[in-house]
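Atoms considered below: every heavy atom in the structure, side chains included; atoms not considered: hydrogens, waters and symmetry mates.
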Amino acid sequence: MLIIMRILCVFVLLLAVCCKSNSKQENGEAMQEEAFATEEPLTVLSPDYPECKNDIRLGDIADSVFYISLKRGKMEVLQLYYLDSLILLNDINCVYIFDSEGNVKCEIPLQAGCFDVSPDMQRLYTYQFLTKEIGSYDFDGNNIWRTKVKYSNSKNELGYYGYSFLSVNDTLFAISNINFGNNQDKLIFVNRHGRAVHNVMNNERFTPPNSVYSTNRAWQRPLFRDYDGICYHSSCNDTLFSIDAETLEQSPAVIEQKLPKAPLKRRLEYTGEKVEDFYAYCTNTYTCSDSYQDIWTDSSKYATRFFNTSRYLIVGYTHGSLNLPTSNFLLYDRKTKTLSRTHNDLGKSIDAKFLHFGIFNDYDGGLSFEPEHQSGDYLIMVNAGASQGGMRHFPKELYFEGRKIVNDHCICRSNVYQNARYKERLDNFFTNEVDSKNNTVLTVVKLKTK
């Protein structure tokens, strides 16, 4: 009997310990669930997310603004990277490496190709579109190695000028096709020896009409590296994808999760419909009255471009027809959780004789800022920005004289600035350092961080 009682006591004791353990485990799980539930969720910006209209000012988002005059004559810039003490630029013939003063340090021949900087910022890689060669170089222009892409399905469409090549890491590279209608793959990955190790099938197997293709041509940046990682933006599709370096799979980028569809009315995006329907969708964009006032309907279309920095999500967009290629921007501030928009209207700007196409520059009173290239938290504009049309290569004339449209003289610079010293510095820069015939001017904006 005594033995039975002892066994029962031990059993009760074990049961109590187990219940206490289970209680702790349940409490722990509940605490974890509670902690997870109280964790701040991702901010999803739906189309009806409240926004501030025409409220983006350069002085509010810029930590600093400075200017560099590249002493190499006028150049058509395909790619541009700013690395604190170096500027790397591709103009379809060469990769030029400039020092911080704008002097040419060295040149790397690159006929019809593109380049990328390694993730650790220690070297650069080039890709020759015609010969299909990948090369590795240091920042003094010395070649380290070279290999030829060995890809059985490759045609002349494999890769293209500008941003069609990117280094995933030091031994893996991504190359994108543009859509000519006959490409089996739209994205391939090759190793250092030029062998293809992965591919992404092309589901846009059609030849887009010229007017449709042109909607994305102005901002053709299919492969690029933003603050969070590697991004892919295909020719006839405005969805942004991220590329995972380990699995080599595509997934919608974080910026798409937080800024779904921009949030614009409709974007130029092929979703598998008939090509004729896609063509009609892209070209029936707007009606225009005789007084420059554009009547935008609910069916307005856009081509988009993304910039993702440590603090800001920026969407640049232009109306899909590109008949009025003025740049407009949505900006989401992660710190303040506010969404702002600036919308540039060509007709209203001409009527007001005030051509500020881009982000209004109240930092130093200079030309409006139109971001075109990104290096981390740095955004760069080349000369006066693409929205100035034929005057985009003449920032000095625009700054001092404005722009003449028909018989009207339109102001291009601002008399609003944060600090008189900034204004004086900019005046001196354009007066003493810019040769309009022989220089390319860069406006470099270092954005605020968290």
- Find out whether Ile175 and Val190 are in side-chain contact, i.e. whether some heavy atom of one side chain is under 4.5 Å from a heavy atom of the other. yes
- So do the side chains of Phe173 and Val168 get within less than 4.5 Å of each other, counting heavy atoms only? no
- Evaluation steps, side-chain contact (heavy atoms from CB on, under 4.5 Å), between Ile230 and Leu166: CA-CA 8 Å; Ile230 298 170; Leu166 190 141; 3.6 Å; yes
- Note on the structure: Closest heavy-atom pair, Ala174 versus Leu223, reported as atoms and distance to 0.1 Å, is O-CD1, 3.7 Å
- Gln128 versus Thr131, closest heavy-atom pair with distance: CB-OG1, 3.0 Å
- Task: Kindly assign one of parallel, tilted or perpendicular to the pair Phe165 and Tyr127, based on the angle between their ring planes and the thresholds 30° and 60°.
- Result: parallel
- Would you sort out whether Asp435 and Lys71 count as a side-chain contact (heavy atoms from CB on, under 4.5 Å), showing the intermediate values? CA-CA 9 Å; Asp435 179 351; Lys71 303 167 182 64; over 6 Å; no
- Under the side chain to side chain contact (heavy atoms under 4.5 Å, CB included) rule, collect the residues that match up with Arg72, sequence neighbours excluded. Met75, Tyr96, Phe98, Val104, Glu107
- Is the distance between the ring centroids of Tyr363 and Tyr417 less than 6.0 Å? no
- Pairwise side-chain contact, Leu124 with Leu88, heavy-atom cut-off 4.5 Å (strictly under): yes
- Side-chain H-bond candidate by donor/acceptor type, Asp138 with Asn142, under 3.5 Å: yes
- Would you confirm whether Ser176, through its side chain, and Leu187, through its main-chain N or O, come within 3.5 Å as a donor-acceptor pair? no
- Message: Check this for me, if you would: do Asp333 and Arg311 make a salt bridge, where the nitrogen-to-carboxylate-oxygen distance has to be below 4.0 angstrom?
- Response: yes
- Query: Can you list the steps and then say if Tyr163 with Arg225 is a side chain to side chain donor-acceptor pair (under 3.5 Å)?
  - Reply: CA-CA 10 Å; Tyr163 292 86; Arg225 183 177 287 104; over 6 Å; no
- Residues which pass salt bridge (charged side-chain N to carboxylate O under 4.0 Å, His left out) with Asp84, listed by chain and number, not counting sequence neighbours: none
- Query: Between Phe307 and Arg221, is there a cation-pi geometry (under 6.0 Å to ring centre, at most 45° from the normal)?
  - Reply: yes
- Would Glu370 and Ser387 count as having a side-chain donor-acceptor pair, cut-off 3.5 Å? yes
- Task: Find out whether Arg305 and Val315 are in side-chain contact, i.e. whether some heavy atom of one side chain is under 4.5 Å from a heavy atom of the other.
- Result: no
- Message: Centre-to-centre under 6.0 Å for Tyr161 and Phe129, is that the case here?
- Response: yes
- Message: How close do Met391 and Ala384 get, counting heavy atoms only, and between which atoms?
- Response: O-CB, 4.2 Å
- Query: Where do Asn439 and Ser69 land on the side chain to side chain donor-acceptor pair (under 3.5 Å) test, with the steps shown first?
  - Reply: CA-CA 6 Å; Asn439 292 149; Ser69 181; 3.2 Å; yes
- Message: Testing the 3.5 Å rule here: is there a donor-acceptor pair between the side chains of Asn191 and Thr171?
- Response: no
- For Ser414 and Asn361, does a side-chain donor sit closer than 3.5 Å to a side-chain acceptor? no
- Message: Could you check whether Phe400 and Phe394 have their ring centres less than 6.0 Å apart?
- Response: no
- Got a sec, which pairs hit ring pair (Phe, Tyr, Trp, His ring centres under 6.0 Å) with one end in residues 424-450, sequence neighbours left out? Tyr67-Phe429, Tyr399-Phe430
- Has the side chain of Asn202 got a donor or acceptor atom that lies under 3.5 Å from a matching backbone atom of Asn183? yes
- Message: Tell me whether Glu372 contacts the main-chain N or O of Ile380 through its side chain, where contact means a donor paired with an acceptor under 3.5 Å.
- Response: no
- With a 4.5 Å heavy-atom cut-off, do Tyr227 and Asp377 have their side chains touching? yes
- Would you say the side-chain atoms of Asn90 pair up with the backbone N or O of Leu78, donor to acceptor, closer than 3.5 Å? no
- Please examine the side chains of Tyr232 and Val200, heavy atoms only from C-beta on, and report whether any two atoms are closer than 4.5 Å. no
- Please lay out, stage by stage, how Asp170 and Arg123 fare under the test salt bridge (Lys or Arg N to Asp or Glu O under 4.0 Å). CA-CA 9 Å; Asp170 291 336; Arg123 66 196 61 80; 3.3 Å; yes
- Can His373 and Gln79 be said to form a side-chain contact (heavy atoms from CB on, under 4.5 Å), step by step? CA-CA 7 Å; His373 306 273; Gln79 295 174 270; 5.5 Å; no
- Item | Side-chain touch Leu447/Ile314, heavy atoms, less than 4.5 angstrom | yes
- Query: For the side chain of Ser164 and the backbone of Gly159, is there at least one donor-acceptor N/O pair under 3.5 Å apart?
  - Reply: no
- Any side-chain heavy atom of Phe115 sitting closer than 4.5 Å to one from Tyr125? no
- Task: Decide whether Tyr137 and Arg146 meet the rule of one side-chain donor and one side-chain acceptor closer than 3.5 Å.
- Result: yes
- Message: Whether Lys148 and Glu133 form a salt bridge (side-chain N of Lys/Arg under 4.0 Å from carboxylate O of Asp/Glu) is what I want to check.
- Response: no
- Between the side chain of Lys105 and the main-chain N/O of Leu86, is any donor-acceptor distance below 3.5 Å? no
- Message: Within the 3.5 Å criterion, strictly below it, is a donor on Ser167 or Asp116 matched to an acceptor on the partner's side chain?
- Response: yes
- Task: State whether the side chain of Asn383 and the backbone N or O of Val441 hold a donor-acceptor pair below 3.5 Å, judged by distance alone.
- Result: yes
- Task: Answer yes or no: does atom CZ of Phe241 have more than 12 heavy-atom neighbours from other residues, nucleotides or ligands under 6.0 Å?
- Result: yes
